[in-house]
Every structure is written in structure tokens, then in C-alpha cells.
Amino acid sequence: MANTYSSFEAIGATALFATSLPVAIHEGAALAGVITACILLAVGSGAFKTAVVPFIADQYDETEFRIKTQKGGKRVVTSRELTMTYFYNVFY
């Protein structure tokens, strides 16, 4: 199902690109292309993102705090909650 909606998103991006070319603008297809692309991108992104987000948390299975040493010798404490917050902030 997510694959179908990602196809909508890809088609929307292609429509936006194609109707932003100078030839399409001069022929008057720009406005219709932008409207169509916005609808396809909204449906594709909205459906795809709601299906993908829960899988991010499922893939990260550390539950306890850990002390890790980085390459430079700096020791850091990892936290599942802070890591999930970071993932979601980057995703959105």
C-alpha cells in the first residue's frame, strides 16, 4: 500500500518538474500542473509518512541508558527517548 502512495508522490514530483519547464509555461500548463502536483504530492506524502513513522521506533531497540566512547575519546550517554526525539525531528 505504501508503495502505491510513494508512486503518487513520484508522479506528483515529475508533474511539477515537467510543468515548470519553459515550454509548459508558455503553453499555459503551469497552473494546472502545479495544482495537480500539489494534490498528488499531498496524498503521496501524507499516506507514506504515516505508514513509515511507526517503523522508526520499532527498528531502534535500545531501552537502557548506555555510555559510549566516541572516536575522539569523548564519553556520551545515549537515551532512547532523546534518540527517538532526534529521529522524529529530522524526519519531519
Side-chain angles (χ1 to χ4, degrees):
M1 184 91 163
N3 192 19
T4 303
Y5 290 113
S6 62
S7 298
F8 284 160
E9 189 172 7
I11 292 169
T14 303
L16 184 61
F17 172 75
T19 56
S20 67
L21 295 172
V23 173
I25 293 171
H26 291 304
E27 294 296 322
L31 181 60
V34 167
I35 292 170
T36 303
C38 285
I39 291 169
L40 289 171
L41 286 168
V43 170
S45 294
F48 181 71
K49 284 186 177 183
T50 57
V52 170
V53 171
F55 295 119
I56 294 173
D58 289 343
Q59 298 298 315
Y60 189 79
D61 53 354
E62 282 189 28
T63 57
E64 298 177 5
F65 291 102
R66 291 189 179 179
I67 298 174
K68 292 187 178 181
T69 305
Q70 295 180 335
K71 290 181 182 179
K74 183 178 178 182
R75 294 177 62 182
V76 295
V77 177
T78 61
S79 161
R80 178 182 171 81
E81 291 80 22
L82 292 176
T83 303
M84 288 295 104
T85 301
Y86 175 76
F87 285 157
Y88 289 134
N89 285 337
V90 168
F91 187 76
Y92 288 112

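Everything numeric here is computed off the predicted structure, so don't read it as measured data.
Gln70 and Val76 get closest at one heavy-atom pair: NE2-CG1, 3.9 Å. Ala24 and Ala18 get closest at one heavy-atom pair: CB-O, 3.5 Å. Summarising the geometry of Leu40 relative to Phe8, their closest heavy-atom pair is CB-O, 3.6 Å, with the distance given to 0.1 Å.
Side chain of Thr36 to main chain of Gly33: no donor-acceptor pair is present (N/O by atom type, distance under 3.5 Å, no hydrogens or angles).
Grouping the Ile, Leu, Val, Met, Phe, Trp and Tyr side chains by contacts below 4.5 angstrom, directly or via other members, places Tyr86 with Met84. The cluster map of Ile, Leu, Val, Met, Phe, Trp and Tyr, joined by side-chain heavy atoms under 4.5 Å apart, puts Leu31 and Ile39 in the same cluster.
Taking CG of Leu41 as the reference point, atom CD1 of Ile11 lies at 10.5 Å (rounded to 0.5 Å). The line from CZ of Arg75 to CD1 of Ile67 is 5.0 Å long, rounded to the nearest 0.5 Å.
The side-chain heavy atoms of Leu21 and Ile25, taken from C-beta on, include no pair separated by under 4.5 Å.
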